[in-house]
**Q** 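There's a structure below that I have some questions on.
Naming: A, B, ... by sequence-line order, numbering from 1 per chain.
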Protein chains: 2
Amino acid sequence: MATIYDVSVLAGVSLATVSRVMNKNAKVSEKTCKKVLDAMAELGYRPNAVAQSLASNRSNSVGILVSELKGQFYGAMLSGIEAELREAGKHVIITAGHANEADEIDGIEFLIDRSCDALILHVEAVSDEYLVELSKGAVPFVLINRNIKELADNCVSLDNEKGGYVATKTLIDKGHKDIAYIAGPMWKSDALGRLAGHKRALAEHNLNFSDELFFEGNYRQSGGVAGMNHLIESGKSFSAVVCANDETASGAMTVCRENNLKIPEEVSIVGFDNIIFAGHLYPKLTTLDYPIIEMGHMAAKLTLQNSYQANNLKIKHLFDPELIVRDSVSKIN
Amino acid sequence: MATIYDVSVLAGVSLATVSRVMNKNAKVSEKTCKKVLDAMAELGYRPNAVAQSLASNRSNSVGILVSELKGQFYGAMLSGIEAELREAGKHVIITAGHANEADEIDGIEFLIDRSCDALILHVEAVSDEYLVELSKGAVPFVLINRNIKELADNCVSLDNEKGGYVATKTLIDKGHKDIAYIAGPMWKSDALGRLAGHKRALAEHNLNFSDELFFEGNYRQSGGVAGMNHLIESGKSFSAVVCANDETASGAMTVCRENNLKIPEEVSIVGFDNIIFAGHLYPKLTTLDYPIIEMGHMAAKLTLQNSYQANNLKIKHLFDPELIVRDSVSKIN
DNA sequence: TTGTAAGCGTTATCAT
DNA sequence: ATGATAACGCTTACAA
């Protein structure tokens with residue numbers, strides 16, 4: 001592998017000059033520049049990224065921590081992040097935090113040790129205090145899907161409360177009054193936000209929130225299954241259920257079918273996230289679109305701006321979920 | 001940030017000795033070792049990964065190229081790979097190849113420039129020749145979901161042909177004779193393999209393969225939609241359709257419902273991959289399980305063995321898909 | 001067992 | 001505009 005030294009010899013210039021043409025940060029006469037470029041081409045020279053990092057103290061890599069690699073949601077998020085960063089010549093180092101505190105901290109330290117220039121974190125278990133503390137450290141980071149007041153400038157998040165509100169409001173507008181709720185894990189802030197929106201919609205329309213029509217799930221199908229079973233067994237009547245996400249809805253729908261509860265005639269269902277499969281469930285799921293790919297792009301842009309002096313980027317911190325109407329909600333009188 | 005030098009001063013030993021205790025590769029007296037460890041602890045020393053790489057010519061990073069980051073399948077794959085590698089202290093640099101040749105080559109070069117010690121490639125567009133050529137280069141790699149004779153030792157793949165065979169055989173055993181096929185893109189080797197298995201099963205039972213009951217899809221829901229519409233419009237009768245993957249099946253099922261074709265009474269359907277949603281479609285999809293997480297682990301193990309002298313690892317190159325019987329296939333007489 | 005010192009391939013600060 | 005040269009933080013012969 002040719003080094004910068006080989007290039008300098010062949011071009012008949014100094015190391016420094018070669019470095020200059022690579023980095024285009026200082027004036028080099030057109031002639032010299034061409035000589036260098038030719039030499040590079042002839043040798044098939046490729047800069048050694050590691051040596052560059054050591055000397056410049058920048059690695060051009062950004063570390064990404066997500067809860068899980070599997071699942072539609074995280075894939076979409078990574079997709080947005082990677083596309084944006086790759087285009088800027090940065091690369092992403094990805095690791096998983098498994099939504100528990102020890103692993104998340106572990107992952108963050110792992111990435112920092114890997115000398116990432118910046119981090120994009122999708123963390124759920126770690127406390128706000130920890131993050132505020134972390135922000136005083138040397139490695140800047142952006143938070144995705146989380147909003148902490150003190151770090152607001154570095155957050156990209158969804159208005160979960162509004163989403164929860166819209167989901168329930170949609171049902172109310174269709175005449176529903178007995179509305180059940182299958183939540184996500186109550187220690188996750190987005191799950192809390194969605195539930196809060198649900199409660200606000202209820203309150204605004206003078207409907208009571210009933211503990212019996214509430215179930216804490218896990219954001220997965222199994223939670224929807226357990227939740228719907230619980231609701232049916234409770235004996236309390238309900239005409240609709242809002243599910244904290246689409247996977248939960250999918251599980252709930254399966255149980256409805258097994259119990260011959262017709263959707264949407266007997267039970268209306270609203271999901272959240274609008275994952276690809278939402279449109280292929282039966283019936284097609286009415287849900288709230290979570291623009292996660294776009295948000296991944298935005299987190300990456302924010303990173304580019306904060307850590308790589310990109311500018312003229314339009315930054316947006318808070319995104320709105322959008323109602324996608326399909327077939328799982330019916331009107332009642 | 002403390003450096004190895006600071007540690008050596010505080011511990012009262014040389015740089016080399018500190019390096020030795022870090023790498024545990026040479027004898028250091030217990031006493032000295034303790035002194036060094038204490039000094040490290042006191043300073044909160046963290047080795048600089050970049051400097052280590054430059055000096056040792058190993059980066060402890062492995063580059064992963066996948067077609068897409070979004071979608072269940074790739075997420076599951078990455079999950080297996082990352083878990084295995086992370087446990088070994090390696091980190092993964094991930095990039096996407098978008099299933100087209102230019103981007104795949106681009107991605108590979110990007111990763112090589114990033115001085116990865118090894119690569120794990122999920123490539124579809126690049127030719128066998130290119131890969132054979134690449135294997136002569138300096139950076140070793142493992143191929144996942146692809147099997148090239150010359151590189152067999154570095155491949156981890158699924159027996160797609162067998163899977164296609166089993167899918168169709170299952171239908172034949174249930175009495176089906178008019179079996180349609182909605183394929184994946186015919187330039188993908190796994191799509192070809194699955195189709196080949198389908199044809200073999202047909203031939204073994206003296207059933208003809210009919211061009212009219214064949215449709216080339218795209219491995220996505222839209223392909224299943226288009227395929228099933230095509231089959232219905234063709235007017236040819238069929239009692240079953242095997243779909244090249246679950247997403248295709250999902251799209252096809254949606255069309256069946258819209259046309260009041262009852263599954264499985266009027267049309268039986270078999271999928272492939274067993275993605276999470278397969279069990280939550282309506283009806284629950286009979287499909288072939290693709291053990292992709294396990295295969296991700298295996299690709300990582302192979303990498304650990306080839307590039308990081310791990311040993312005692314049980315390596316398996318070819319995996320078998322396994323039939324998962326659910327509700328989308330019926331018996332006919 | 002431990003220390004000395006020469007790299008690893010760049011960048012960046014001085015001079016010139 | 002260009003060239004020397006000292007870092008960057010670590011590994012690894014080679015000596016002792």
**Q** Which listed nucleotide (C:dT2, D:dT2, C:dT11) is nearest to the side chain of A:Ser19?
**A**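 Taking heavy atoms from C-beta onward, the closest nucleotide is C:dT11.
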
**Q** Counting side-chain heavy atoms from CB outward, which of C:dA12, C:dG9, D:dC10 is closest to A:Asn25?
**A**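 The answer is C:dA12, which lies nearest to the side chain.
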
**Q** Compare side-chain N and O positions of A:Thr32 against OP1 and OP2 of D:dT2 and report whether any pair is under 4.0 Å apart.
**A**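 It does, given that an N or O in the side chain of A:Thr32 lies less than 4.0 Å from OP1 or OP2 of D:dT2.
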
**Q** Measure CZ/A:Arg58 against P/C:dA12 and give the value in whole Å, please.
**A** 7 Å

**Q** Expressed as a whole number of angstroms, how long is the span from A:Leu54:CG to D:dC10:C1'?
**A**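 That distance rounds to 8 Å.
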
**Q** Rounded to the nearest Å, what distance is computed from the CE atom of residue A:Met1 to the P atom of nucleotide C:dG7?
**A**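 Value for this atom pair: 21 Å.
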
**Q** Aromatic contact between A:Phe319 and A:Tyr290, with the criterion being ring centroids under 6.0 Å apart: yes or no?
**A**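 They do not qualify: ring centres at least 6.0 Å apart.
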
**Q** May I ask you to evaluate whether B:Ser14 reaches the phosphate of C:dG3, defined as a side-chain N or O under 4.0 Å from OP1 or OP2?
**A** yes

**Q** Report yes or no: do B:Arg86 and A:Thr95 form a side-chain donor-acceptor pair below 3.5 Å?
**A**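 Short answer, yes.
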
**Q** Under 3.5 Å, is there a donor-acceptor pair between the B:Glu68 and A:Ser79 side chains?
**A** no

**Q** Would you mind classifying the nucleic acid contact of B:Asn23 as base, sugar-phosphate or nothing, using non-hydrogen atoms under 4.0 angstrom?
**A** sugar-phosphate

**Q** Does the pair B:Arg146/B:Asp128 count as a salt bridge with the N-to-O cut at 4.0 Å?
**A** yes

**Q** Tell me whether A:Lys90 forms a cation-pi arrangement with A:Tyr308, defined as NZ or CZ under 6.0 Å from the six-membered ring centre and within 45 degrees of its axis.
**A**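 Yes, A:Lys90 sits over the ring of A:Tyr308.
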
**Q** Is B:Asn57 atom CG crowded by more than 12 heavy atoms from other residues, nucleotides or ligands, each under 6.0 Å away?
**A**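 Open.
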
**Q** Which part of the nucleic acid does A:Arg46 contact within heavy-atom distance under 4.0 Å: base, sugar-phosphate only, or nothing?
**A**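 Counting heavy atoms under 4.0 Å across all strands, the contact made by A:Arg46 is with sugar-phosphate only.
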
**Q** Quick check on the helix from C:dT1-D:dA16 to C:dT16-D:dA1: what's the angle between its two end axes, five base pairs per end, to the nearest 10°?
**A** 30°

**Q** Within the structure, does a side-chain N or O atom of A:Ser56 lie under 4.0 Å from either OP1 or OP2 of D:dC8?
**A**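 No, because none of the side-chain N or O atoms of A:Ser56 sits under 4.0 Å from OP1 or OP2 of D:dC8.
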
**Q** Phosphate oxygens OP1/OP2 of C:dT10: is one of them under 4.0 Å from a side-chain N or O of A:Tyr45?
**A**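 Yes, within the criterion.
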
**Q** Classify the nucleic acid contact of B:Val13 as base, sugar-phosphate or nothing, counting any heavy atom under 4.0 Å across all strands shown.
**A**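 Sugar-phosphate contact only - B:Val13 comes under 4.0 Å of backbone atoms but never of a base.
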
**Q** Are any of B:Thr17's side-chain N or O atoms less than 4.0 Å away from OP1 or OP2 of C:dG3?
**A**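 True: B:Thr17 side-chain N/O within range (under 4.0 Å) of C:dG3 OP1/OP2.
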
**Q** I want to check a possible cation-pi pair here: B:Lys70 against B:Tyr74, using under 6.0 Å from ring centre and within 45° of the ring axis as the test.
**A** no

